[in-house]
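Have a look at the structure below, then the notes.
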Amino acid sequence: MAVLGRGVVPADTPVLRADDVGVLRGDGIFESVHIRAGRPWLFDPHLARMARSAARLGLALPPREALVELAGQALAGWDPGVEGALRLICTRGPEASGTPTVFAVLTPFGSGQLRGRREGVAVLTASLGYPVAARPPAPWLLGGAKTLSYAVNMASLRWAEGHGADDVLWTSTDGYALEAPTATLVWLDRGTLWTVPPEQTGILAGTTARWLLDHAGDLGFAAGETLVRPAELATAQGVWLVSSIRGPAEVRSLDGAVRKPAAETAALCDLLGFAR
Ligand code: PLP
């Protein structure tokens, strides 16, 4: 682990004060970056998104160079043969201090994530409680920001697990598919790879989905963004939940309706550079 202003510290070193609003209120931001061959993948888009999240929260994120240096410190002793996740965290800091707490933590890739990548996921739809267009004009709802307040995201996943599924596809109250609690929805329909438009919906702009759609031509596909209702996904050739660490996890069932395995999953995984 590495802490801004302190450098590398052992993983069990306390780095947060008890009055840090990152823990008191979940007031802060983070990024999870895939570590492959000992280096962060898509680091630039992650850092750019972190800066956008900081702007939305009015948070004094340190400059890009400081974050790059911090990540380098955390990665210094990392075995390049091990796939991992780098979390960059910036809280608002101790109450009234005005100084953010910034640190970088590395963890090895988990077996549950590998299972999702290899075997796909059973997904249930669940309402997020907003109409699709609610968040963009309401900046206090922090649409598009990757904040530390992930309790709702984790509760959604526990709810899915409690109902025999692996993951959730959040929907709007007016019936559109949004995103998963830790992944972006991507589907293949008649030669086009689609995803949900972030600007129009307030979902998080996924770095993995963006890269995949920007390179869809390598697989002979077009790419586009559109709103979709979960029922319309039934006729898609393939549906995936795509994210930085797990990579593409194929949706193998949606609300109990089993989907035929998509022939394209391996190609997506290869293109994105994720091992299976
Ligand atoms: N949506 C949410 C809510 C997420 O937490 C994540 C994961 O970080 C994603 C989408 C996928 O984004 P990325 O591909 O940048 O990991």
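Atoms within each ligand, like the ligands themselves, are counted from 1 in listed order.
- The aromatic rings of His163 and Trp159 lie tilted to each other, with the angle between the two planes from 30° to 60°.
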With side chain to side chain donor-acceptor pair (under 3.5 Å) as the test, would you mind laying out the steps for Ser156 and Trp170 before giving the verdict?
CA-CA 9 Å; Ser156 300; Trp170 279 332; 3.1 Å; yes
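- Around the CZ atom of Arg115, the shell of radius 6.0 Å holds no more than 12 heavy atoms that belong to other residues, nucleotides or ligands.
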Before you tell me yes or no, could you show the steps for Arg246 and Asp167 under salt bridge (Lys or Arg N to Asp or Glu O under 4.0 Å), namely the whole-Å CA-CA distance, both residues' side-chain angles and the distance that decides it to 0.1 Å?
CA-CA 12 Å; Arg246 187 171 61 180; Asp167 217 319; 2.9 Å; yes
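- For ligand 1, residues of the protein lying within 4.0 angstrom by heavy-atom distance are His46, Arg49, Lys146, Tyr150, Glu179, Ala180, Pro181, Thr182, Ala183, Thr184, Leu204, Gly206, Thr207, Thr208, Val242, Ser243, Ser244.
- More than 12 heavy atoms of other residues, nucleotides or ligands sit less than 6.0 Å from atom CZ of Arg36.
- Using cut-offs of 30° and 60° for the angle between ring planes, the Phe274 and His34 rings count as tilted.
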